[in-house]
Protein chains: 2
Amino acid sequence: MFSKACEYGIRASIFIALNSFEGRRVSPKEIAEEIDSPTAFTAKILQALVRNNIVSSVKGAYGGFEMDKHRIKEIKLADIVDAIDGDSIYKGCGLGLHACDEDRPCPMHDKFKVVRDELKTMLESTNLEDLALDIKQGDTFLRR
Amino acid sequence: MFSKACEYGIRASIFIALNSFEGRRVSPKEIAEEIDSPTAFTAKILQALVRNNIVSSVKGAYGGFEMDKHRIKEIKLADIVDAIDGDSIYKGCGLGLHACDEDRPCPMHDKFKVVRDELKTMLESTNLEDLALDIKQGDTFLRR
DNA sequence: TTTATTTCGGACAATTTTATCCTATTTTAT
DNA sequence: ATAAAATAGGATAAAATTGTCCGAAATAAA
Ligand code: FES
Ligand code: FES
């Protein structure tokens, strides 16, 4: 469904959000340990998240990755997926035709569109704050 | 969403179904042209479909790929996806945890599960006959 | 100002997916 | 029997994704 990079990106974002509530910056090493991902690869993904304005970074001693506490609620899963995997999951044809086209649809179009749109709605309506709070309460987990 | 192999596999299956209604066998070359896919790669995927009992093949002169006319209605998209991409799309964790686990869910679990289950239902309830008939009527297309 | 720390970014490597090619095997028609 | 036609399958190659490494640049503390 999502690329590994995107999965790591989402898990990392949630962990950063969680810590930003406490005013703590976190390092790629700490993030990778907490979400069980390869450190250097995760660092690359963090760079992309910074470029896309989803997290911010502070270089140098006592630096690390953080998020504006008041923006956490505004950041949706869709923002992260879009930043890393692009919009093909929202717009692409399920059978791989060059683009999804209502006027010349593939045989799966009508049925696929319903699912694809529901995925889109789900990602656009799910924010990082809610996800982070569930973890804080011990209801959900970032690794296993 | 699906791998290229799976997209080609579904498009190929629909085209074979379409021709099997007319009692025509089709070659990898003809299939690849009709669904706009690389011929040799498509041939590999056809082998997998044969092994998984989705289409049958006849070697030698006047051979080719075909489907039992009366089974076309019984073959669901899910059968093809399962044969080529496996069941991770149905069962896997959306955030890439080693498995989806209700008892230790990832933060996306509750919302992801709804979409994933809907995709599963869609694939399990869509059969090749309906897809092939839409093409025959000129309502949908296998290439563009 | 120096030093320690930390992200940034480019180069590189490994793995997986996608794609090609060639030979063997099977089958039908002559 | 022989030849022609067609799928099966292994070896190989190209491309994309995933993953690693290291030096450069930036920052804060001493
Ligand atoms: S054309 Fe294939 S999903 Fe819309
Ligand atoms: S645990 Fe992640 S989707 Fe179920």
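Computed over heavy atoms, backbone and side chain alike; hydrogens, waters and symmetry mates excluded.
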Result block: side-chain N/O donor-acceptor pairs under 3.5 angstrom for residues 137-144 of chain B, not counting sequence neighbours:
{"residue": "B/Thr140", "atom": "OG1", "partner": "B/Ile135", "partner atom": "N", "Å": "3.4"}
{"residue": "B/Arg143", "atom": "NH1", "partner": "B/Glu33", "partner atom": "O", "Å": "2.7"}
{"residue": "B/Arg144", "atom": "NE", "partner": "A/Arg104", "partner atom": "O", "Å": "2.8"}
{"residue": "B/Arg144", "atom": "NH1", "partner": "A/Ala99", "partner atom": "O", "Å": "2.9"}
{"residue": "B/Arg144", "atom": "NH2", "partner": "A/Ala99", "partner atom": "O", "Å": "3.0"}
{"residue": "B/Arg144", "atom": "NH2", "partner": "A/Arg104", "partner atom": "O", "Å": "3.1"}

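- Atoms CZ (A/Phe41) and C1' (C/dA14) sit 12 Å apart, rounded to a whole Å.
- Sorted by first and then second residue, the side chain to side chain donor-acceptor pair (under 3.5 Å) pairs involving residues 82-92 of chain B (not counting sequence neighbours) are B/Ser3-B/Asp85, B/Asp87-B/Lys91.
- Figure legend. D/dA25 is base-paired to C/dT6; pairs are counted as Watson-Crick or G-U wobble with both atom distances under 3.5 Å.
- Judged as a salt bridge (Lys or Arg N to Asp or Glu O under 4.0 Å), and not counting sequence neighbours, A/Lys76 has no contacts.
- Near-neighbour residues of DNA chain D inside residues 9-36 of chain A, defined by a heavy atom below 4.0 Å, are absent.
- Taking a heavy-atom distance under 4.0 Å as the criterion, the stretch of DNA chain D touched by chain A extends 5' to 3' from D/dT18 to D/dA29.
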Close N/O contacts between protein and nucleotides 21-27 of chain C (under 3.5 Å):
{"residue": "C/dT27", "atom": "O2", "partner": "B/Ala61", "partner atom": "N", "Å": "3.4"}

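- In this view, B/Lys136 and B/Glu22 satisfy the salt bridge (Lys or Arg N to Asp or Glu O under 4.0 Å) rule, not counting sequence neighbours.
- Counting heavy atoms from C-beta outward, B/Asp101 and B/His109 have side chains that stay 4.5 Å or more apart.
- With sequence neighbours excluded, no residue forms a salt bridge (Lys or Arg N to Asp or Glu O under 4.0 Å) with B/Glu34.
- Where A/Thr42 and B/Ala43 each meet DNA chain D at their nearest nucleotide, the meeting point lying more 5' is that of B/Ala43.
- Residue pairs that meet the side chain to side chain donor-acceptor pair (under 3.5 Å) test with at least one member in residues 40-59 of chain A, sequence neighbours left out, are A/Ser37-A/Thr42.
- Checked against ring pair (Phe, Tyr, Trp, His ring centres under 6.0 Å), A/Phe112 has no partners two or more places apart in sequence or in another chain.
- Taking A/Glu66 as the reference, A/Arg25 meet the salt bridge (Lys or Arg N to Asp or Glu O under 4.0 Å) condition, with sequence neighbours excluded.
- In this structure A/Phe15 satisfies the ring pair (Phe, Tyr, Trp, His ring centres under 6.0 Å) test with no other residue, sequence neighbours excluded.
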